[in-house]
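One-based numbering, in listed order, for ligands and for the atoms of each. Remember, it's a predicted structure, so these values are computed and weren't measured experimentally.
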Amino acid sequence: MNIWRDFHGLNAGYVLELYERYRQNPDSVDAATKASFAMWTPAVDGAPAVAAPAIGKIVGAVTLAQAIRTYGHLAAQLDPLGSPPPEDPSLEPTTHGVTEEDLRRLPASLIDGPFAERVANALEAIQALRAIYSSTIGYDYGHIRVPEEREWLRLAAESGRFRPPRDPINPEALLERLTQVEAFEHFLHRMFPGKIRFSLEGLDMIVPILDEVIGEAAEARIHNILIGMAHRGRLNVLAHVLNKPYAQILAEFKDLTRGRTRLDGIDQASGDRLLASWTGYVKYHMGARRALKGGEPLNVVVSMPPNPSHVESAYPVVEGMAYAAGTQVDKPGPPRFDPTVSLPILIHGDAAFPGQGVVAETLNLSRLPGYHTGGTIHVIANNQLGYTTNPKDARSTLYASDLAMGFEIPIVHVNADDPEACIESARLAFAYRTKFQKDFLIDLIGYRRYGHNEGDEPRFTQPLMYEKIERHLTVRELWATTMITRGLIDGGWPKKLMQNRMQALQRVLESLHPEVDLVEPQPKATPPGAARRVQTAIPAQRLRELHASLLRVPEGFTLHPKLERAMQRRRTTLATLDEPSIDWATAEQLAFASILEDGIAIRLTGQDVERGAFGQRHAVFHDMKTGKVFTPLQALPQAKAAFAVFNSPLTENAAIGFEYGCNVQEPGRLIIWEAQYGDFVNGAQMMIDEFVASARAKWGQTPSLVMLLPHGYEGKGPDHSSARLERFLELAAETNMRIANCTTAAQYFHLLRWQAALLEADPLPLVVLTPKSLLRHPLACSSLWDLAEGRFKPVIDDAQARQRPEEVRRLILCSGKIHVDLVTSGHRAETPGIAITRIERLYPFPADDLRSVLDCYPKLESVAWVQEEPENMGAWISLRPHLGALINGRWSLRYIGRPPNSSPTEGSSAWHATNQRTLVEHAYDLNSAIAEDVFISSKET
Ligand SMILES: Cc1ncc(C[n+]2csc(CCOP(=O)(O)OP(=O)(O)O)c2C)c(N)n1
């Protein structure tokens, strides 16, 4: 054969050019090409001539090897139930124009790889490659774009260094572990028939995989190992990995009512008053914590935080916990993150992983500054079903794991019936994570022994699959058979082990004392009066010094001219005590600076928070000439703790979940998340319902996350106006959060300082409706005196009306920006009979403060609640019963505001302005009799 027959035109030119390069420097071409050219004798004119007949075969062999490395997983035996793999034509030699005979004649070095030295020719090398890439593990790393990582993964797969016998597994210990796992499920199945437990069976290898990763992590002195997982197999993992006592789990299964019914906060059994906020939760979502003790390594804590039923919602929370655990904030400046301190391990469902958007949102956090945890080990507990739904209806991808490819996460698909392959995958995952500090994914493909839960009949929907499952041996049985075949144990031993485990469980059940064994987490009781005792004012001199520090920029730093001018103006902001010259952003900066000076670290995140969505904050300056950045709060000489500020990616759900995780892991830090506009917070409703609002009642957690939600009707349309205050008020009960709507910079200052001071003593989530136009409005500005004196006021009465209280006939109660619209109206001066009082803390409802206000106006005839939100939104619906109780029939209570609407507000600013004007007019109209159908509804209740 002539080379020109196989290679002509561009191909021939390319080969000759390559050959010329090889002639000049044999190492300048890759190993396979080098091996091919080594077989040729150059012709007189320099072109390869003698071995020309082999060149097409050589290229065929090389491309075949490449195809196996990239697509070998498509022919891997991954399904324990034996479904055929998808296969791919590129894995066939004929596709590449080679036969087995051709391959036998070619050298093994052509295929390259650590095994090439051990085999005789290219055929054997290809067979070795197939055995690696198309076995019970499918290596899926072709999407990794970093060549060094790809090469590392290739060598790791092909060297077999994580595989027995090079890295031995203790077969007896493995059999015992699988016996524990299976016996636990059998026992529960037998003793509590039909009770939901979400059996692990079919994916039993999850426990040995976790053992392997945790063992390696402990040896590597990773102090915090955090496991996030949903319902599937959770009880088994709690029992065997987190060492949750069998007695406690069995006590939970007994599900004695414990004599407790929740009525009026009284324990019906004991008559004691119940701690506020405790409803408990179902057993298969509870969390646990285990400290690995004794010998080396010390101080390793494995924990599994509780999570709601909402699959995958705990994923960003666990990431946030891992990030916070690995971050040191005890020194001023930016926080220092050490990726070797914590390890998140996440177990996902095969339907949930591609289906739930929060997964993609959280994967997108994985490499970002401020969110990077040093790499997560993901395991998809792939039982090939989502409830009753088959993969073809559950995802648009071939594998359940394909989403991870876009984030360049290496993937191994592994057959859950091959314990050695599973352990090899775990070792590879940990080694990759250690080397590159990036995520790794194990797609553990097994099956589900029973229905979705143990009460379900899976044969209704998957009759054929379950026919196979019924006949399928468990992984313990398969492994026992392997051991017997290898002559490691005798035939009776596996059965004996199983009997021992079942008897041990029986003994625990028989000696159970549910009242003692059932340990329920309880929220910490707060010391009474802690919130009242906090001092938030700080001396004017200290404020001035902080302010001066905040105005300093490094020598030679060139600010944007507008910012430079703003800085110049701010130099005199604190010059006098009583001039209201402190705007919202300055108050925030001073609050942050003073909190840092008090030694409390701050983390502020959200979309565009560095500059601030309204250009108000400028927490980070950018040098106009060099592009360098400078963060004044990180350079504050007075600071005793770190300040972090990160623009988040465009997500709410994962972002709030992550911050929640940071918060519960490190409750001593002030964690603040800011929405771009308040309405976008509804993208994270799941996090708010399931974590922020109810985690205390369900799991005894005590979050103190701060959420800043811009809110106010300013003609921007149905979106960008409302932070959906009504939703937060609806969730507020049993003192589970604080909700504020401040109208002045000083109020915001005191509120932030108050929250920081209560992080340990009385932690509660804080929801703050923050302003937009009021950020710079003179009426929202405060004086130095306001910051240096006083405290946060839950209610601000009308200072003007207080000077002539006997003239007041109507008391208008309102909250937020509408107050400014009311007091700046021309009607204000003309209507001295009206007092306007702001409720600045909507929850807990400030009944005492309001009572004192009501008592101040002796001639009061009516009270009106005025709001800009429609009647079915805003604070009205939640506050109405409280106001009714306070008024107690003494005066009429009138609602003045928009009627119920499905959309928060009008779609045009002109229309908005008209309605806002009408609303204010009604508020000031003491005599109006208003028809029901006017746009602004005003009615007595
Ligand atoms: C957000 C959310 N939607 C729906 C459900 C109801 N649900 C519970 S488990 C499940 C199927 C989950 O399938 P998969 O992710 O494969 O996990 P598996 O149960 O098979 O382990 C569904 C739909 C839920 N728990 N959470």
Heavy-atom pairs closer than 4.0 Å: do any link ligand 1 to the side chain of [X], the backbone, both, or neither?
X    : value
R448 : neither
T389 : neither
E312 : neither
V311 : both
H231 : side chain

Parallel, tilted or perpendicular for [X] and [Y], by the 30°/60° rule?
X    : Y    : value
Y399 : H73  : tilted
H452 : Y387 : parallel
Y677 : F680 : perpendicular

Shortest protein contact, [atom] (heavy atom only):
atom                    : result
atom 15 (O) of ligand 1 : A352 N, 2.9 Å
atom 21 (O) of ligand 1 : R232 NE, 2.9 Å
atom 25 (N) of ligand 1 : S309 O, 2.9 Å
atom 22 (C) of ligand 1 : Y387 CD1, 3.7 Å
atom 9 (S) of ligand 1  : H452 CE1, 3.1 Å

Subject >> Member of Y133, Y71, F162 meeting the ring-ring contact (aromatic ring centres under 6.0 Å, His included) criterion with Y139 >> reply: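 Between Y139 and the candidates, ring-ring contact (aromatic ring centres under 6.0 Å, His included) is satisfied uniquely by Y133.
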
Check whether [X] reaches the backbone of [Y] with its side chain - one donor and one acceptor, N or O, closer than 3.5 Å.
X    : Y    : answer
N663 : P667 : no
D443 : V412 : no
E201 : E185 : no

For ligand 1, which atoms sit closer than 4.0 Å to a heavy atom of [X]?
X    : value
N383 : 18 (P), 20 (O), 21 (O)
Q356 : 1 (C)
G349 : 14 (P), 15 (O), 16 (O), 17 (O)
L385 : 16 (O), 20 (O)
A351 : 13 (O), 14 (P), 15 (O), 16 (O)
H310 : 1 (C), 26 (N)

**OP:** Establish, yes or no, whether a centroid distance under 6.0 Å links the rings of Y371 and F658.
**Re:**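 Centroid separation for Y371 and F658: below 6.0 Å.
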
Original post:
Can you check whether a protein heavy atom sits less than 4.0 angstrom from atom 5 (C) of ligand 1?
Top reply: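 Protein heavy atom within 4.0 Å of atom 5 (C) of ligand 1: absent.
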
Subject >> Under-4.0 Å protein heavy-atom contact, atom 2 (C) of ligand 1 >> reply: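 When distances to the protein are checked, atom 2 (C) of ligand 1 has a heavy atom within 4.0 Å.
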
**OP:** Could you go through the salt bridge (Lys or Arg N to Asp or Glu O under 4.0 Å) check for E470 and R459 one step at a time?
**Re:** CA-CA 11 Å; E470 210 163 276; R459 287 163 197 80; 2.5 Å; yes

Original post:
To the nearest 0.5 Å, how far apart are CZ in F187 and CZ in R501?
Top reply: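 If we round to the nearest 0.5 Å, F187:CZ and R501:CZ are 11.5 Å apart.
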
Original post:
So is M686 in contact with ligand 1, going by heavy-atom distances below 4.0 Å?
Top reply: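 Checking ligand 1 against M686, which is what was asked, there is no heavy-atom contact under 4.0 Å.
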
**OP:** For H348 and ligand 1, answer yes if some heavy atom of the residue is under 4.0 Å from a ligand atom, otherwise no.
**Re:**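 Flag not set, H348 not near ligand 1.
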
Subject >> Step-by-step side-chain contact (heavy atoms from CB on, under 4.5 Å) determination, S199 to H189 >> reply: CA-CA 9 Å; S199 154; H189 201 74; over 6 Å; no

Original post:
Would you say ligand 1 has an N or O under 3.5 Å from any N or O of A381?
Top reply: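 There is no such contact.
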
**OP:** Return a yes/no value for G386: is any of its N or O atoms, backbone included, closer than 3.5 angstrom to an N or O of ligand 1?
**Re:**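 No - when backbone and side-chain N and O of G386 are compared with those of ligand 1, no distance drops under 3.5 Å.
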
Original post:
Taking everything shown except R289 itself, do over 12 heavy atoms lie less than 6.0 Å from its CZ?
Top reply: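 Result for CZ/R289: open.
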
Original post:
Under 3.5 Å, is there a donor-acceptor pair between the N415 and Q77 side chains?
Top reply: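 N415 vs Q77: no donor-acceptor pair found between side chains.
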
